[in-house]
Amino acid sequence: MPTGEIEVYANFFEILNTCKPLPFQLDEEEPNESLRLKYRYLDMRRPEIQKIFTERHHAYKVARDYLTSNGFFEFETPFLTKSTPEGARDFIVPSRLNTGMFYALPQSPQLFKQILMIAGFDRYFQIVRCFRDEDLRADRQPEFTQIDIEMSFVDVDDVLTLSEGLIKALYQSLKKEAVWEPIPRMGYDEVIESYGTDKPDLRFELPMTELTDIFKGTEFGVFKKTVEEGGAIKSLVLRGKTLSRKDLDTAVEITKEMGAGGLIWIRKENDELQSPIAKYLKDHEKSLINDKLNLLNGDIVFVMADKRNRVNEIMGKFRLYLGEKYGLIRKDLFKFLWVVDFPLFEYSEEEKRYVARHHPFTSPNGSIKDFKGDYDTIKAKAYDLVLNGVEIGGGSIRIYRMDEQMEMFKLLNIKEEDAIEKFGFLLEALEMGAPPHGGLAFGFDRILMMLMGLDSIRDVIPFPKTQRGTCLMTGAPAKIAQKQLNELKIRVTREQ
RNA sequence: GGGGUCGUAGUUAAGCCUGGUUAUAACGCCGGCCUGUCACGCCGGAGGCCGCGAGUUCAAUUCUCGUCGACCCCGCCA
């Protein structure tokens, strides 16, 4: 007892097991992570870790209760399934009974849940492991858990409303705090133009303001060129902070490291705009900048000019840098945001073609048959839920008609025979009275991590992998016996 | 594939920048003492290929390069 107030008088005792000195002490400072992972069972005895996993347990229950009470049925879908093109790299499992053939572990149960809609179970959910063979990050593991949801006869609004109820229930369970106002929604285009990313951290303001129009007739070479070439000139205004000349130079340097051609700063002091490019700025330009940005003395404006998507991308990163460096981020806040109206397609530099931004079963806004050939502007009925700059969920309304789905494959340059080979079962099912349907999936581990205020997804996973995808406790992955390889008719041609 | 941080007793750290005595501390471990413990106390002790391998140097824990491992980031993650 921590209080030391209770004493036990024993009449008899028996030692059930003994304990060697532990490789690290549980009540002292945390040992380094590799030791914690090697002896995960000892690490997990610590009260902080016990708390994490009891909370995780409660969160499963909250999700199951919420979805069950909303008429959802829980299913299990196969882990040994078929590799699908597009998307993340699959984990592969060789088949012994079918030599030379391979299963793939699912990146998500996407097609199965659509099939379940066609099977007449109008509301499906599953708390399911997903597998993606990509490089790891602080918030990414090769196997992770999703709360996967699919509903029939719904549109975007229905899915968002239902999902919002779930996230609020989880929030309440984890934060022990009553729930807040509706989660705001923003269109993808607006989010990108304001924050330069599709997952903005709204714990601080600092949106970008576009100044391109102001510089229509500028004499400053870089800006002039940008305007002529159809680029964008955008600004961030840092208020109430004092920056030295060195701070400003550092800021310029940072953006260059991020890939910017350059960054201009303008400072308002004594009602004057100071800047390295002040001499190129005409009076009316200065006053337009001043008015548009409502500048006060002491404000610092950072201006970048480049191709539009480049400015957005780099200023988005720079915004985060400023937020972090100048303490603008309110760490105590939880700022949710629905990002809606994603583009249907995006151009893949690697493949030199347009690919589905979400996945190839995502419904466009309207009929695909109205597509006029402009891959860049067509929107999808796809949405993401963002929390403090991290994507914690996403989904879409699906295509539910065979002809539309085939058209989609055509636009993605996927040959008909390939489509049939890969997804024939889905296409066939779509022809047998498939209802309109859609859904989403939450990243369960990420939600737990965020709401518990932890920095790593590994902290909320009982037996996580290291950044190189190994398990320090079991030693996986490992070589297998020659006999096993023989049974599978697999030969290893090159070892590490 | 690329960039970065870290690696010193069982554990957590200091020392390294600026190379040179016996590599320091706390906790843990071992032994002794203590008849009311409960973060016990007191006394004593053991414990180190300073991740590994090269190089520079009269001399490397310290400087350089490589390598292995953990972590962070870029690419990648529909």
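Here is the naming used below: chain letters follow the sequence lines, and residue numbers restart at 1 for every chain. Just so it is clear, the structure is predicted and the values come from calculations on it, not from any experiment.
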Tell which nucleotide pairs with [N], taking only Watson-Crick or G-U wobble pairs whose two distances are both under 3.5 angstrom.
{"N": "B/C77", "value": "none"}
{"N": "B/G47", "value": "none"}
{"N": "B/A70", "value": "B/U5"}
{"N": "B/G10", "value": "B/C27"}
{"N": "B/C63", "value": "B/G55"}
{"N": "B/U35", "value": "none"}
{"N": "B/C17", "value": "none"}

Hey, what are the protein-to-nucleotides 26-28 of chain B N/O distances that come in under 3.5 Å?
{"residue": "B/C27", "atom": "O2'", "partner": "A/Gln25", "partner atom": "OE1", "Å": "3.4"}
{"residue": "B/C27", "atom": "O2'", "partner": "A/Gln25", "partner atom": "NE2", "Å": "2.3"}
{"residue": "B/C27", "atom": "O2'", "partner": "A/Glu28", "partner atom": "OE2", "Å": "3.3"}
{"residue": "B/C27", "atom": "O2", "partner": "A/Gln25", "partner atom": "OE1", "Å": "3.1"}
{"residue": "B/G28", "atom": "O4'", "partner": "A/Gln25", "partner atom": "OE1", "Å": "3.2"}
{"residue": "B/G28", "atom": "O4'", "partner": "A/Gln25", "partner atom": "NE2", "Å": "3.3"}

Give a yes or no on whether a salt bridge exists between [X] and [Y], defined as a side-chain N under 4.0 angstrom from a carboxylate O.
{"X": "A/Arg330", "Y": "A/Asp332", "value": "yes"}
{"X": "A/Arg129", "Y": "A/Glu143", "value": "yes"}
{"X": "A/Glu324", "Y": "A/Lys331", "value": "yes"}
{"X": "A/Arg446", "Y": "A/Glu391", "value": "no"}

*asked:* Does either side chain, that of A/Ser244 or that of A/Asp247, offer a donor lying less than 3.5 Å from an acceptor on the other one?
replied: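 There is such a pair between these side chains.
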
_Is it true that A/Ser108 and A/Gln146 share a donor-acceptor pair across their side chains at a distance under 3.5 Å?_
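No, no side-chain donor-acceptor pair sits under 3.5 Å.
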
How many Å lie between [atom1] on [X] and [atom2] on [N], as a whole number?
{"X": "A/Phe144", "N": "B/C77", "atom1": "CZ", "atom2": "P", "value": "13 Å"}
{"X": "A/Arg89", "N": "B/G1", "atom1": "CZ", "atom2": "P", "value": "11 Å"}
{"X": "A/Glu143", "N": "B/C77", "atom1": "CD", "atom2": "C1'", "value": "16 Å"}
{"X": "A/Lys20", "N": "B/C29", "atom1": "NZ", "atom2": "C1'", "value": "13 Å"}

*Who are the ring-ring contact (aromatic ring centres under 6.0 Å, His included) partners of A/Tyr171, not counting sequence neighbours?*
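For A/Tyr171, the residues satisfying ring-ring contact (aromatic ring centres under 6.0 Å, His included) (neighbours in sequence not counted) are A/Trp180, A/Phe334.
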
*asked:* Show, in sequence, the C-alpha distance, side-chain angles and deciding distance for A/Leu451 and A/Leu387, and conclude whether the side-chain contact (heavy atoms from CB on, under 4.5 Å) test is met.
replied: CA-CA 9 Å; A/Leu451 293 184; A/Leu387 169 58; 4.0 Å; yes

Roughly how many Å apart are [M] and [N], using the [atom1] atom of each and rounding to a whole number?
{"N": "B/C27", "M": "B/A39", "atom1": "P", "answer": "15 Å"}
{"N": "B/C52", "M": "B/G7", "atom1": "C1'", "answer": "11 Å"}
{"N": "B/G2", "M": "B/G48", "atom1": "P", "answer": "38 Å"}
{"N": "B/G4", "M": "B/G75", "atom1": "C1'", "answer": "15 Å"}
{"N": "B/G53", "M": "B/G15", "atom1": "C1'", "answer": "24 Å"}
{"N": "B/A13", "M": "B/U57", "atom1": "C1'", "answer": "30 Å"}
{"N": "B/C63", "M": "B/G20", "atom1": "C1'", "answer": "14 Å"}
{"N": "B/G66", "M": "B/G10", "atom1": "C1'", "answer": "30 Å"}

_With a 3.5 Å distance limit and no angle check, can you tell me whether A/Lys381 reaches the backbone of A/Thr362 through a side-chain donor-acceptor pair?_
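Judged by distance alone, no pair lies under 3.5 Å.
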
*Taking the side chain from A/Lys325 and the backbone from A/Gly323, do they hold a donor-acceptor pair closer than 3.5 Å?*
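Not a single qualifying donor-acceptor pair exists.
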
*Using a 4.0 Å cut-off on protein heavy atoms (strictly under), produce a 5'-to-3' string for nucleotides 67-74 of chain B with B for base contact, S for backbone-only sugar-phosphate contact, and - for none.*
--SSBBSB

*asked:* Once you apply a heavy-atom cut-off of 4.0 Å, does A/Glu30 come out as touching a base, just sugar-phosphate, or nothing?
replied: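 Result for A/Glu30 = sugar-phosphate.
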
_Applying a 4.0 Å non-hydrogen cut-off, can you work out what A/Ser108 is touching in the nucleic acid: base, sugar-phosphate, or nothing?_
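Base contact.
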
*Could one point to a donor on the side chain of A/Arg132 or the base of B/C77 with an acceptor on the other under 3.5 Å away?*
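When only heavy-atom distances are counted, A/Arg132 does not reach the base of B/C77 through any donor-acceptor pair under 3.5 Å.
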
*Kindly state whether the ring of A/Tyr124 and the ring of A/Phe112 have centres lying under 6.0 angstrom apart.*
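Judged by ring-centre distance (under 6.0 Å), A/Tyr124 and A/Phe112 do not meet the cut-off.
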
*Might you point out which heavy atoms bring A/Leu333 and A/Asn388 nearest each other, and give the distance in Å?*
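Closest approach of A/Leu333 to A/Asn388, heavy atoms only: O-ND2, 3.1 Å.
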
*Mind checking whether A/Phe361 and A/His359 have parallel, tilted or perpendicular rings, split at 30° and 60°?*
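The arrangement is tilted - the two ring planes meet at 30° to 60°.
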
*On the 0 to 90° scale, with breaks at 30° and 60°, tag the A/Phe302-A/Phe318 ring pair as parallel, tilted or perpendicular.*
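Rings of A/Phe302 and A/Phe318: perpendicular, as their planes differ by over 60°.
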
*What parts of residues 398-420 of chain A reach RNA chain B, counting only heavy atoms under 4.0 Å away?*
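When residues 398-420 of chain A is checked for heavy atoms under 4.0 Å from RNA chain B, there are no hits whatsoever.
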
_Listed once per pair and sorted, the ring pair (Phe, Tyr, Trp, His ring centres under 6.0 Å) pairs that draw on residues 369-388 of chain A, sequence neighbours left out_ =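 Ring pair (Phe, Tyr, Trp, His ring centres under 6.0 Å) check on residues 369-388 of chain A returns A/Phe345-A/Phe371, A/Phe345-A/Tyr375, A/Tyr354-A/Tyr375, A/Phe371-A/Tyr375.
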
Heteroatom pairs (N/O) under 3.5 angstrom, protein to nucleotides 2-9 of chain B:
none

*asked:* Checking side chain to side chain contact (heavy atoms under 4.5 Å, CB included) between A/Leu448 and each of A/Asp459, A/Val460, A/Ile461, A/Leu454, which is the one that passes?
replied: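 Only one option passes, and that is A/Val460.
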
